[in-house]
Protein chains: 2
Amino acid sequence: MKVTINDVAARAGVSIKTVSRVINNEPSVRPATRKKVQEAVEALHYQPNLAARNLAGSRAYTIGLIYDNPNAYYVINMQNGILDACKARGYELLIHPSNSKSESVHQELEDLVLHSKVAGLVLTPPFSETKSVIDTLKRLNVDYVRIVSKTADLEDVEDCIQVDDTAAAFDLTQHLLQLGHKRIGFLCGGEEHVSTYGRREGYRQALEQAGIPVEEDLVLKGEYSFDSGVQGAKKLLSLDKPPTAIFASNDEMAAGALFAARLMNIDIPGQLSIVGFEDSPFSRQTWPKLTTAHQPNNEIAKCAAALVLSKARGHTATESGSASKEAGIKREFIPELVVRDSSGPAPTE
Amino acid sequence: MKVTINDVAARAGVSIKTVSRVINNEPSVRPATRKKVQEAVEALHYQPNLAARNLAGSRAYTIGLIYDNPNAYYVINMQNGILDACKARGYELLIHPSNSKSESVHQELEDLVLHSKVAGLVLTPPFSETKSVIDTLKRLNVDYVRIVSKTADLEDVEDCIQVDDTAAAFDLTQHLLQLGHKRIGFLCGGEEHVSTYGRREGYRQALEQAGIPVEEDLVLKGEYSFDSGVQGAKKLLSLDKPPTAIFASNDEMAAGALFAARLMNIDIPGQLSIVGFEDSPFSRQTWPKLTTAHQPNNEIAKCAAALVLSKARGHTATESGSASKEAGIKREFIPELVVRDSSGPAPTE
DNA sequence: GAAAACAATGACAACGCTGTCATATTATCG
DNA sequence: CGATAATATGACAGCGTTGTCATTGTTTTC
């Protein structure tokens with residue numbers, strides 16, 4: 001029922017150490033021997049026991065995902081992406097939702113790393129952008145990859161998968177400008193997210209390029225939630241001179257803005273255009289469907305996981321396939337404009 | 001840095017076996033000794049190493065969650081609920097998304113159980129309701145708890161957490177009837193889900209009680225997705241004599257129905273009432289907000305996990321706190337009617 | 001108060017693998 | 001062809017726990 005390395009060794013007529021070499025892709029095994037072992041593995045459906053590997057080896061076979069994100073779609077996409085990368089390499093995923101506002105994160109991280117040996121961690125915003133968290137991780141000497149918003153003053157770029165929020169926000173804003181909008185409201189995300197600033201910056205740059213000054217009244221603080229979108233839009237639309245378009249910093253906020261517009265009997269996109277950011281599934285489930293920027297979270301997560309693993313493996317240079325395993329791992333993503341039905345020509349006054 | 005059972009033993013002046021006894025709550029340790037050990041554990045921040053426990057012990061310290069559900073909110077809630085239960089008891093969660101339509105599930109399950117020792121599995125629909133999957137699990141002799149839709153002919157009730165879809169659907173339908181609706185369309189979920197039948201049955205019973213015959217034209221096949229909701233609603237609303245209310249089998253379908261109604265310029269709830277099922281976050285993010293039945297997935301998952309763990313522990317009767325650990329674990333849930341804005345009085349003809 | 005019963009503790013061998021190091025085999029070279 | 005250098009393989013000791021079983025206290029019992 002339960003087949004161990006001994007069974008394989010016996011069947012292949014070699015020592016367990018040789019079997020170990022084969023399954024770990026270590027050098028110094030003659031092709032013929034390797035083949036014998038591989039056949040035995042196949043025949044017996046052998047799968048190395050994870051607990052034993054973790055215990056015995058210096059490497060670990062689990063990667064952890066740290067997140068604090070109320071957006072279920074985001075989280076699921078991250079998980080699936082990582083899982084994809086893990087499965088291909090025989091690793092497992094340990095998920096760890098946490099609260100970025102609580103001070104306990106550091107203790108939790110320490111426990112996680114010490115208690116259940118992890119090969120590495122994937123961090124999502126806002127953890128990935130919190131210095132104290134990164135410091136803790138450095139102190140614990142654990143590998144990690146941060147999924148972060150691209151900014152100029154980023155340290156340790158090699159630990160990061162970057163998302164260029166600024167460029168995407170620029171495109172989105174330009175799209176609105178091209179539709180003839182001159183007054184474009186902007187709903188900011190939470191201040192603990194660097195993406196908030198990146199997206200606003202893209203908005204600013206596009207306006208600047210078009211020679212339109214940023215009106216501070218049109219830029220509202222908020223957070224990445226539906227309710228925040230509702231509140232923000234209400235406020236913008238109650239202005240004496242309301243904007244003809246609203247850039248909501250994510251899809252959830254955009255859905256909220258849509259909701260507020262409906263409340264106020266405003267036609268979308270006839271009287272008001274709304275754009276979101278992320279292209280989460282429900283940007284297709286609103287009425288009308290949202291114009292947004294597609295952020296390939298699944299793919300991003302996959303790359304992050306691949307990067308963590310290549311780092312983790314880097315240490316134990318026992319690999320045969322030497323050097324740069326990192327080749328082919330995309331390190332920067334620019335969300336792409338997706339035009340749907342929530343944006344249209346600016347109304348003629 | 002990394003503190004092991006040896007460190008604790010040394011500090012407490014006992015053997016490692018005694019420490020093991022204390023941390024596992026085994027009997028036969030004098031209170032004074034127990035206290036000494038506990039103090040040492042505290043002082044050193046000792047946390048037993050999971051890999052070692054898994055390897056050495058007969059029990060496992062990981063619980064697996066098997067799901068195949070496109071609904072991100074559902075999955076996240078399940079995960080969080082299980083994680084809650086796990087954390088309290090020092091277990092870990094291994095998530096395993098799978099494809100219920102593929103034949104590979106059985107092999108995957110086998111690998112999962114054999115490869116990474118699990119204490120037990122939590123199954124969600126449709127796996128929890130698929131006989132062949134259950135058979136495989138029985139054969140593998142692994143503990144599991146199934147989250148299922150309550151039905152009369154359910155075997156092995158003690159393995160289940162039941163959700164009474166019929167009762168909730170009955171309430172929802174009755175709500176519509178009380179608003180004066182006589183022609184109520186029904187959009188079915190996927191046929192692989194038992195809940196689909198339960199919900200339809202509740203709908204039927206309510207109509208029957210009200211003395212209204214079920215019109216087969218008003219009951220449409222579908223699946224638990226937004227698009228299916230759109231299609232179904234379009235069809236119903238194109239009928240010669242369209243219904244005045246639509247019961248969508250879940251919130252996503254209801255959102256789809258809402259979308260279709262908007263497309264056809266139908267006022268909700270003025271001309272048409274729509275109700276959903278589940279009370280997922282986005283039932284609050286549609287316009288108008290959905291009347292639905294609240295299904296406490298987080299709580300359900302928590303109970304499922306608690307049940308798995310109590311089962312797993314049952315085997316190793318080493319526990320001090322004897323017998324029925326299962327006390328206090330809720331085994332049946334009836335989603336509760338939540339009236340919001342998508343349902344209103346039937347239009348006068 | 002000695003025998004019997006029981007409770008508390010510890011020594012030591014697993015668990016299934018990887019790491020280290022010694023050994024056996026094969027290739028290389030003068 | 002013999003010596004030397006690689007290369008391939010295996011023996012064996014951990015990794016940090018738990019499980020088994022033997023040993024040492026501590027009660028109870030008559």
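Proteins get letters first, then strands, A, B, ... in listed order; numbering begins at 1 in each. Side chains included, hydrogens not; waters and symmetry mates left out as well; all remaining heavy atoms used.
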Query raised in the report: Ring centroid separation for Tyr73(B) and Tyr73(A), is it under 6.0 angstrom?
Result: yes
Interatomic distance where [atom1] belongs to [X] and [atom2] belongs to [N] [whole Å]:
| X | N | atom1 | atom2 | result |
| --- | --- | --- | --- | --- |
| Ile5(A) | dC12(D) | CD1 | P | 17 Å |
| Ile23(B) | dG19(D) | CD1 | P | 11 Å |
| Arg53(B) | dG16(D) | CZ | C1' | 11 Å |
| Leu50(A) | dG16(C) | CG | P | 14 Å |
| Leu55(A) | dA13(D) | CG | C1' | 13 Å |
| Gln47(A) | dG16(C) | CD | C1' | 14 Å |
| Asn49(B) | dC17(C) | CG | P | 17 Å |

**Report entry** Glu108(A) and His96(A): CA distance, side-chain angles, deciding distance, side-chain hydrogen bond (donor to acceptor under 3.5 Å, both in side chains) verdict
**Finding:** CA-CA 9 Å; Glu108(A) 285 174 31; His96(A) 191 92; 2.9 Å; yes
Report task. Check each of Ile161(B), Leu307(B), Val133(B), Asp156(B) against Arg146(B) using the side-chain contact (heavy atoms from CB on, under 4.5 Å) test, and report the only one that passes. Result -> Asp156(B)
Requested in this report: Check Ser149(A), Ser100(A), Pro126(A) against His193(A) for a side-chain contact (heavy atoms from CB on, under 4.5 Å) and give me the one that passes.
Outcome: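 Among Ser149(A), Ser100(A), Pro126(A), the one meeting side-chain contact (heavy atoms from CB on, under 4.5 Å) with His193(A) is Pro126(A).
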[X] side chain near [N] phosphate (N/O to OP1/OP2, under 4.0 Å):
| X | N | answer |
| --- | --- | --- |
| Tyr61(B) | dG16(D) | no |
| Asn24(B) | dT18(D) | yes |
| Asn54(B) | dC15(C) | no |

Query raised in the report: Do the charged groups of Asp159(B) and Arg331(B) touch, with an N to O distance under 4.0 Å?
Result: no
Query - Base-contact (B) and sugar-phosphate-only (S) positions in nucleotides 5-12 of chain C, heavy-atom cut-off under 4.0 Å, - elsewhere - result: ---SBBB-
Query raised in the report: Taking the six-membered ring of Tyr144(B), is NZ or CZ of Lys311(B) closer than 6.0 Å to its centre and within 45° of its axis?
Result: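 That pair qualifies as a cation-pi contact.
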